[in-house]
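These notes concern the structure reproduced below.
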Amino acid sequence: MGALRDRLDFFYFQGQDKYFESRIDRNGSTVVRINVPPGPFMARDPRVVALLDAKSFPVLFDLTKVEKKNVVTGTFMPPASLTGGYRICSYLDPSEPTHAKVRKLLFSILHSRNDAIIPTFRSNFSALFATIESQLAQQGGKAEFNKPNEMTSFDFIGEAYFGVRPSATDLGNGGPTKAAKWILFLLHPIVTLGLPMFIEDPLLHTFHLPPFLVSGDYKALYNYFYNAASQALDTAESLGLSREEACHNLLFATILNSYGGLKVLFPGILANVANAGQKLHEKLVAEIRAAVAEAGGKVTLAALEKMELTKSVVWESLRLDPPVKFQYGHAKTDLQIESHDSVFQVNKGEMLFGYQPCATKDARVFGPTAKEFVGDRFVGEEGRKLLKYVYWSNGRETESPGVNDKQCPGKDFVLVVGKLLLVELFLRYDTFSADVGKELLGVKVVFTGVTKATSGPATE
Ligand code: HEM
């Protein structure tokens with residue numbers, strides 16, 4: 001009953017942030033034993049040791065201390081039939097041989113497509129902004145970002161990774177809808193759609209939705225990958241993976257990890273920058289246009305690297321609103337975990353759980369502005385010292401993912417595309433305004449005005 005009551009608190013009576021904050025207050029501690037959803041009847045044991053500060057959280061990155069087998073979604077596991085019958089890389093502990101093979105495959109794709117990322121991003125997102133401009137003109141000064149972003153991000157990622165736009169294949173424009181349905185089937189035990197509690201809780205949080213209802217959509221997505229990624233699947237075979245297992249993994253990494261991430265991240269960045277106002281826009285315009293001019297009017301990786309403020313804005317968005325908020329692991333041995341004030345004894349086998357927004361908004365690290373967006377937080381030597389407390393990638397921002405760890409292999413890619421979004425925006429506009437609201441997993445952005453660039457380098 002306690003777990004059930006907690007689930008209702010989490011989704012309906014308190015909401016996520018309050019759920020954790022109230023338990024910190026109640027226990028006078030940032031390391032607490034609590035229940036997490038979904039609880040009955042999908043999770044055998046909802047109990048976790050929650051790590052809710054910047055100091056205790058990184059235990060979850062230490063693979064000598066935690067086992068990461070079957071824990072990516074926490075205390076429940078979606079049916080394997082949703083992923084072709086395979087346990088995908090995200091569910092594997094690095095001790096399992098397939099884990100490193102899949103990570104090698106992903107690194108190889110990202111590396112081999114390095115030169116395609118910028119031009120592909122620019123062609124897709126300049127078309128998106130052109131659409132927004134025409135909608136602003138036609139729809140009385142309002143143009144929604146999220147929906148067109150979903151179509152654009154989906155096409156961009158397919159084209160960037162495999163050279164084939166999903167919308168130009170049999171998938172047509174149906175990719176994002178099929179993806180959304182499949183993601184819902186995977187994650188429904190831990191999301192709320194905002195429906196009335198008495199309908200939603202029994203429907204989404206009590207039993208698994210039957211996978212056959214989404215198998216047609218999954219098959220259509222799979223076919224896209226099987227055809228578009230044939231070169232990557234050759235590489236997979238040379239790494240010792242079957243084409244089939246590799247293809248299910250590519251689908252998961254592209255749709256859930258990459259597309260799912262950008263679907264939340266891009267509106268999040270725009271919302272923060274819109275709310276920050278014109279002063280920040282002016283500084284971003286100056287930095288971005290100067291770096292591009294210096295690179296001969298081209299947007300290059302080297303030019304992006306020079307954009308300190310732009311980078312900081314992306315990191316700050318990832319800190320404030322980490323798109324993947326939950327991390328889990330089982331204690332491999334009896335452990336002592338330190339918070340800022342105390343030391344806690346945890347037993348071997350206990351489930352550790354980190355709620356990132358609490359850890360990355362820890363006032364003991366980020367000071368009185370911890371809960372605010374400060375665009376230039378990570379600029380300069382002092383600012384960069386704080387990067388080790390940015391955890392969005394399931395690792396510190398000062399560390400790089402390798403073949404044998406669990407840090408997000410898309411870490412560099414995410415930073416690059418986050419910066420590219422701002423570059424595209426501020427090469428095109430001097431400033432913009434937008435209304436910001438709530439969405440299922442993040443924020444909703446509606447542009448209310450853009451001011452076309454009055455100066456700046458001629459770009460290629
Ligand atoms: C905003 C975008 C993204 C965010 C916020 C994000 C975040 C994360 C996080 C937190 C994890 C660790 C999950 C866990 O084990 O608890 C993870 C893992 C992973 N991410 Fe990302 N990611 C993003 C984009 C990408 C991209 C572009 C790729 C493309 C390669 C990617 C591929 C993966 C894969 C394959 C894993 C599983 C790694 C493993 O278990 O060894 N992600 N990501």
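For this chain, numbers begin at 1 and follow the sequence in order. Every number for a ligand or one of its atoms is a count from 1 in the order of the listing.
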May I ask you to identify the nearest protein heavy atom to [atom], giving residue, atom name and distance to one decimal place in Å?
atom	result
atom 13 (C) of ligand 1	V72 CG2, 4.1 Å
atom 5 (C) of ligand 1	W392 CE3, 3.5 Å
atom 40 (O) of ligand 1	K406 NZ, 2.6 Å
atom 35 (C) of ligand 1	L106 CD1, 3.4 Å
atom 37 (C) of ligand 1	S90 OG, 3.3 Å

Please indicate whether [X] has more than 12 foreign heavy atoms, meaning atoms of other residues, nucleotides or ligands, lying under 6.0 Å from its [atom1].
X	atom1	answer
K69	NZ	no
N347	CG	yes
R87	CZ	yes

(request) Give the contacting part of D405 toward ligand 1: side chain, backbone, both or neither, where contact means a heavy-atom distance below 4.0 Å. (result)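 The answer is the backbone.
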(message) Side chain, backbone, both or neither: which applies to Q407 and ligand 1 if a contact is any heavy-atom pair less than 4.0 Å apart?
(response) neither
Side chain [X], main chain [Y], donor-acceptor under 3.5 Å:
X	Y	answer
T75	P46	no
T73	F76	yes
E287	T310	yes
D53	S56	yes

(request) Under 2.8 Å from atom 21 (Fe) of ligand 1, how many protein N/O/S atoms do you get? Just the number, please. (result) 1
(request) Answer yes when R319 and E316 have at least one side-chain N-carboxylate O distance shorter than 4.0 Å, and no when they do not. (result) yes
(message) Regarding K411 and E399, does a basic nitrogen lie under 4.0 Å from an acidic carboxylate oxygen?
(response) no
(message) Counting only nitrogen or oxygen atoms and a 3.5 angstrom limit, does Y328 reach ligand 1?
(response) no
(message) Counting only nitrogen or oxygen atoms and a 3.5 angstrom limit, does R103 reach ligand 1?
(response) yes
Using a strict 4.0 Å cut-off to heavy atoms of [X], name the atoms of ligand 1 that fall inside it.
X	answer
K68	14 (C), 15 (O), 16 (O)
P323	5 (C)
F413	27 (C)

(request) Assess Y161 for proximity to ligand 1: is some non-hydrogen atom of it under 4.0 Å away? (result) yes
(message) If we only consider heavy atoms of L92, is any one of them less than 4.0 Å away from an atom in ligand 1?
(response) no
Validation row: [X], [Y] side chains within 4.5 angstrom (heavy atoms):
X	Y	value
V313	N272	no
L128	F125	yes
V436	K444	no

(message) Given H248, which partner from the list Y86, Y226, Y218 fulfils the side chain to side chain donor-acceptor pair (under 3.5 Å) test?
(response) Y218
